[in-house]
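Throughout, residue positions are numbered sequentially from 1 according to the sequence presented. Heavy-atom basis, side chains included; hydrogens, waters and symmetry copies ignored. Order of appearance sets the numbers: ligands from 1, and atoms from 1 within every ligand.
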Amino acid sequence: VVHTARLYTEEDPVVILTSDTLKQTLHNSPTAWLVQFYSSWCGHCIQYSPTWKALAGDVKDWEHAIRIGVLDCANEKNYDICKEFGIHFYPTFRYFKAHGNTLDFGKTYRGADRELQTVRQLMVNFLQNHTRQDWPAGCPPLQPFSSEDVLSFMGKKSEHYTAVIVEDEGSYVGREVILDLMPYDGVTVKRTLSSDKLLMQKLGISSVPSAYLFYPNGTHAVMDVRKRLRFFFSSFLKLLPGVHRKHSGSAQEREHAVNKGQSAVKEWKEFDKSKVYMADLESGLHYLLRVELATHKTLEGEELKTFKDFVTVVAKLFPGRQAVVKLLETLLEWLVSLPLGKIPYDAVLDLVNNNMRISGLYLSDTVQWVGCQGSSEALRGYPCSLWTLFHVLTVQAAQQPDALANTGLEDNPLAVLQTMRRYIGTFFGCQECGKHFEDMAKESLHLVKSLDEAVLWLWRKHNQVNARLAGSMSEDPLFPKTQWPTPDLCPSCHEENEGLHVWNEAMVLTFLKQHYGATNISPKYTS
Ligand code: FAD
């Protein structure tokens, strides 16, 4: 029987439960659960699955308090468990408290409104239904603080920031921001109600919701965000200096990572995150040409074609310094003139290293990460520069549609992205990354019809990768994976629609073109 249209995969931020795992997962779980029992043949369930995935993504940072699961009752293996739990209709939403026992079959949500915001608020209410005894250990207090408590923070030094969201009784923003910041160290978030007029006066707050920030040094001020929305508050706090994501992985693993980094810490280079650095782009090209590709002894067939297209795209579009662009153009001419179907990579290296140096066409052979520097040697660097390079290239392609004329790649809005896809799939040292990227490309690259859409596609996919990697070992604690650009970089890129964060894509496009445009590339630190 073929009914396995898989509505949810391991890539989605939901936990896929089965008869083998459901009971043991729920039994004495440290977190609460919201589980959707669905059926993969039910039309409603299929239509609803994007909302459920969006919800799970939206509350991913809440996972030490409440988690989102799915269980497919149409899967033969799950028939019995669905029967045991008395699931008669699909989808059925069940809440399970933390620390439940095996006799707990959960509480069904029967409301007709299944909009993301409604369900998210229900999750908050459900969390608050826990008692002191069964409160999920990872979940911070959600009830409002009294004005005395809040005022007692004034003028006190502390090891961390304290943010206080001041809001009306029915508002969920405070609780949502508290939960959003759960996985972060360096800040605690509390909420208080606006009904206390004296407090409002003392804090100088006249409209709500507002946020007030107590700094570690004892000073305090109203939090300066462009829009007083959940996403703006949360992003602001996540980006405070000294605030970073707690890491998963064992303490031992973390220590190892830190030690590894310390042995190699270089001098920190100050940089401006609203700029792109030529040093990163050139270091990336250096690494790509002299290290990553050099592991291939010879290039032939598809590999050679991929390499040629890559050099074409970079030579024609890279808004680099003259010596570097010239070098790339010379490399391209050489590749195009070559009659061979196979080249030893040493010949490329010779050209890049020796011949070039003589004629002054030179690509620095030292690595100098600036915007891509990490808190340890093992973090950021090359992959960061590769993303940056491809964002720059998609933007250049959109700004100079004729640049690829007579290369065989003209008139193809996908030229840069397809080249990137093939480069990543063929040569990128991180194979898992290549596999994931290929899956994303297969799914939606064909929908891209213009050069502008190509810019946005890469941005969207990069954010998808950021979401997947948030909290993972490859995240640099000093550079948390966020949905980018953050509100401080582009306030107009962000909007809220019925409580859900939405991007203003027209503004995002404008921003990307400015950020990755030639005039925003800083030459600082290039020798
Ligand atoms: P990066 O994600 O490398 O981003 C670099 C810079 O780009 C950021 O500092 C920011 O200024 C900007 N930026 C961030 N988001 C966006 C956006 N949405 N649009 C435009 N600009 C943005 N690592 C894994 O562990 N698993 C994987 O599966 C994986 N897949 C990858 C696939 C590709 C194609 C690439 C190039 C890398 C992949 N990596 C993967 C590496 C990972 O994505 C990061 O590059 C790496 O962890 C370094 O992260 P970073 O903090 O420097 O930021």
For a distance cut-off of 3.5 Å, show me each N or O of ligand 1 paired with any protein N or O, plus the separation.
| residue | atom | partner | partner atom | Å |
| --- | --- | --- | --- | --- |
| ligand 1 | 2 (O) | His462 | NE2 | 2.8 |
| ligand 1 | 4 (O) | His462 | NE2 | 3.3 |
| ligand 1 | 9 (O) | Arg380 | NH2 | 3.1 |
| ligand 1 | 15 (N) | Asn466 | ND2 | 3.0 |
| ligand 1 | 18 (N) | Trp459 | O | 2.9 |
| ligand 1 | 18 (N) | Asn463 | N | 3.3 |
| ligand 1 | 18 (N) | Asn463 | OD1 | 3.0 |
| ligand 1 | 21 (N) | His391 | NE2 | 3.4 |
| ligand 1 | 21 (N) | Tyr516 | OH | 2.7 |
| ligand 1 | 25 (O) | Ser474 | OG | 3.2 |
| ligand 1 | 28 (O) | His436 | ND1 | 3.0 |
| ligand 1 | 28 (O) | Arg468 | NH1 | 3.2 |
| ligand 1 | 28 (O) | Arg468 | NH2 | 3.3 |
| ligand 1 | 43 (O) | Trp387 | NE1 | 3.0 |
| ligand 1 | 45 (O) | Trp387 | NE1 | 3.3 |
| ligand 1 | 47 (O) | Lys481 | NZ | 2.7 |
| ligand 1 | 49 (O) | Lys481 | NZ | 2.7 |
| ligand 1 | 51 (O) | Arg380 | NE | 3.2 |
| ligand 1 | 52 (O) | Arg380 | NE | 2.7 |
| ligand 1 | 52 (O) | Arg380 | NH2 | 3.3 |

Other residues, nucleotides, ligands: >12 heavy atoms within 6.0 Å of Asp224 CG: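 No, CG of Asp224 has 12 or fewer neighbouring heavy atoms, counting only those of other groups under 6.0 Å.
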Phe231 and Trp503 aromatic ring geometry - parallel, tilted or perpendicular at 30°/60° bounds: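 The arrangement is perpendicular - the two ring planes meet at more than 60°.
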Centroid separation Tyr8 to Tyr38 less than 6.0 Å: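 Yes - the distance between ring centres of Tyr8 and Tyr38 falls below the 6.0 Å cut-off.
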All disulfide bond (SG atoms under 2.5 Å apart) counterparts of Cys490, not counting sequence neighbours: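 Scan of Cys490 (disulfide bond (SG atoms under 2.5 Å apart), adjacent residues dropped) gives Cys493.
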Pair Thr486, Asp488: side-chain N/O donor-acceptor within cut-off below 3.5 Å: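 There is such a pair between these side chains.
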Short side-chain to backbone donor-acceptor contact, Lys269 and Trp369, under 3.5 Å: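 Yes, Lys269 side chain to Trp369 backbone: donor-acceptor pair under 3.5 Å.
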